[in-house]
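All values below were derived from every heavy atom in this structure, side-chain atoms included, with hydrogens, water molecules and symmetry-related copies excluded. Whatever order the structure lists them in is the order used to number ligands and atoms, beginning at 1. Bear in mind that the values here come from a model prediction, so they are computed numbers and not experimental data.
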Amino acid sequence: MNNKLLVLGTIAYDGIETPLGSRDKILGGCATYIGLSASLFNNDCGIVSIIGSDFKKEHLKIIKDKGIDCSGVEIVENSKTFYWKGRYEDNLNSRTTLETQLNVLEKFKPIVPYKYRDSDILVLGNLDPNIQLDVLNQMNSRPKIIILDTMNYWIERFENQLEKLIKKIDIISINDDEARQITNEYSLLKAAKKISNLGPKFIIIKKGEHGAMLFNEDKIFSIPAIPFEEVYDPTGAGDSFLGAVSGYLSQTKKISFNNLKSAIAHGIAVSSFTVQKFGTENLLNLTQAKLSLRMNELKNISEFEINLNF
Ligand code: AMP
């Protein structure tokens with residue numbers, strides 16, 4: 001396997017309101033969070049995305065300085081970058097989208113740079129499934145690992161296209177509400193089975209502050225999230241999780257249930273940093289040393305012994 005990791009997704013400006021404060025027009029977008037998290041691991045990461053001429057040079061530099069290749073990021077003159085605004089209530093697990101301005105996304109025709117057309121890992125971040133499919137079709141051959149994310153916005157608008165795409169991928173990473181929405185099943189086990197019947201071998205279901213689950217054939221893995229007294233901003237937690245999962249896979253180059261378990265643990269640890277500050281702030285200061293300490297914390301809170309032999 002080569003160590004090229006291609007990420008498709010939004011680079012955005014976000015407006016965020018949480019019980020602990022608000023920010024507007026800050027750097028966000030799923031490709032940003034995925035790329036920044038994946039860059040903590042050993043790989044050659046490239047992003048395919050689109051931005052408007054309002055996008056600040058310093059923001060692009062922040063992404064490039066993490067070693068991420070942005071030759072696949074199109075800049076459209078006289079246009080505005082994708083803008084999303086959301087609000088979190090006291091229960092930080094549920095959020096309301098207040099505004100989605102597609103702007104440059106409306107006419108996005110992605111072009112995968114030649115250098116990344118042979119990437120062994122392709123991450124199809126949360127976007128219009130038609131665009132996700134377009135990028136998949138531009139690859140020279142089928143990537144060894146194709147990972148898909150989506151959200152309610154696209155599920156509601158493009159259900160059929162999404163179903164076609166799900167048939168072509170290896171790993172899906174979605175949250176519990178989205179899994180229920182796609183399958184009309186409340187039980188996450190039933191939902192995972194229905195999704196796996198469509199094709200993907202591995203179903204990852206994110207559960208916000210309750211961690212994540214992995215389903216593969218008849219195997220199940222469940223892991224908690226790290227609890228905090230204060231969560232500042234959950235935005236990007238799912239994408240940071242996904243970036244770390246794919247980054248870990250690109251470094252370890254193995255797709256097995258056990259390796260996915262470790263990948264998911266790294267996803268939980270990286271996303272725990274994201275939620276401790278607004279936007280990408282904490283992620284930008286994250287180092288492998290800090291991540292390693294948090295991995296140990298996560299291990300400590302989730303391992304136990306069985307001492308009784310009934
Ligand atoms: P997450 O909190 O991980 O689900 O993702 C948050 C990011 O998703 C934000 O930075 C937004 O810019 C981005 N986002 C919000 N809505 C959409 C959408 N419809 N398509 C793609 N990205 C989106």
Next on the checklist: Please determine whether any non-hydrogen atom of Phe82 lies less than 4.0 Å from an atom of ligand 1.
Outcome noted: yes
Give the atom numbers and elements of ligand 1 that come within less than 4.0 Å of a heavy atom of [X].
X: Met151; value: 16 (N), 17 (C), 18 (C), 19 (N)
X: Asp14; value: 9 (C), 10 (O), 11 (C), 12 (O)
X: Gly238; value: 3 (O)
X: Ala12; value: 12 (O)
X: Gly29; value: 9 (C), 10 (O), 12 (O)
X: Tyr153; value: 19 (N)
X: Gly28; value: 10 (O)

Look at [X] together with [Y] and state whether they make a salt bridge at an N to O cut-off of under 4.0 Å.
X: Lys194; Y: Glu185; value: yes
X: Lys85; Y: Glu17; value: yes
X: Asp44; Y: Lys115; value: yes
X: Glu217; Y: Lys219; value: yes

Could you find the nearest protein heavy atom to [atom] and give me its residue, atom name and distance?
atom: atom 20 (N) of ligand 1; answer: Trp154 NE1, 3.0 Å
atom: atom 21 (C) of ligand 1; answer: Asn126 O, 2.9 Å
atom: atom 8 (O) of ligand 1; answer: Asp239 OD2, 3.9 Å

Under 3.5 Å between any N/O of [X] and any N/O of ligand 1: does that happen in this structure?
X: Gly236; answer: yes
X: Tyr33; answer: no
X: Thr10; answer: yes

Checklist entry - So among Asp170, Leu249, Ile204, Leu5, which one has a side-chain contact (heavy atoms from CB on, under 4.5 Å) with Ile147? => result Leu249
Item to check | Gap between atom CD1 of Ile166 and atom CD1 of Ile146 - 0.5 Å precision | outcome: 13.0 Å
Next on the checklist: Side chains of Asp233 and Thr18: any donor to acceptor distance under 3.5 Å?
Outcome noted: no
Item to check | Nearest-option assignment for atom 16 (N) of ligand 1, heavy atoms, candidates Tyr13, Trp84, Tyr83 | outcome: Trp84
Next on the checklist: On a heavy-atom basis, I'd like to know which of Lys85, Glu178, Arg95 is closest to atom 4 (O) of ligand 1.
Outcome noted: Arg95
Next on the checklist: Listing request: all side chain to side chain donor-acceptor pair (under 3.5 Å) pairs with a residue in residues 2-13, at least two apart in sequence or in separate chains.
Outcome noted: Lys4-Asp118, Tyr13-His59
Next on the checklist: Applying a heavy-atom cut-off of 4.0 Å, say which part of Lys206 lies close to ligand 1: side chain, backbone, both or neither.
Outcome noted: neither
Next on the checklist: Taking 4.0 Å as the limit for heavy-atom contacts, which would you say applies to Ala237 with ligand 1: side chain only, backbone only, both, or neither?
Outcome noted: backbone
Checklist entry - NZ of Lys253: more than 12 outside heavy atoms within 6.0 angstrom? => result yes
Checklist entry - Looking only at heavy atoms, what is the nearest atom pair of Val112 and Gln138, with distance? => result N-OE1, 2.8 Å
Checklist entry - By ring pair (Phe, Tyr, Trp, His ring centres under 6.0 Å), which residues pair with Tyr248, not counting sequence neighbours? => result His266
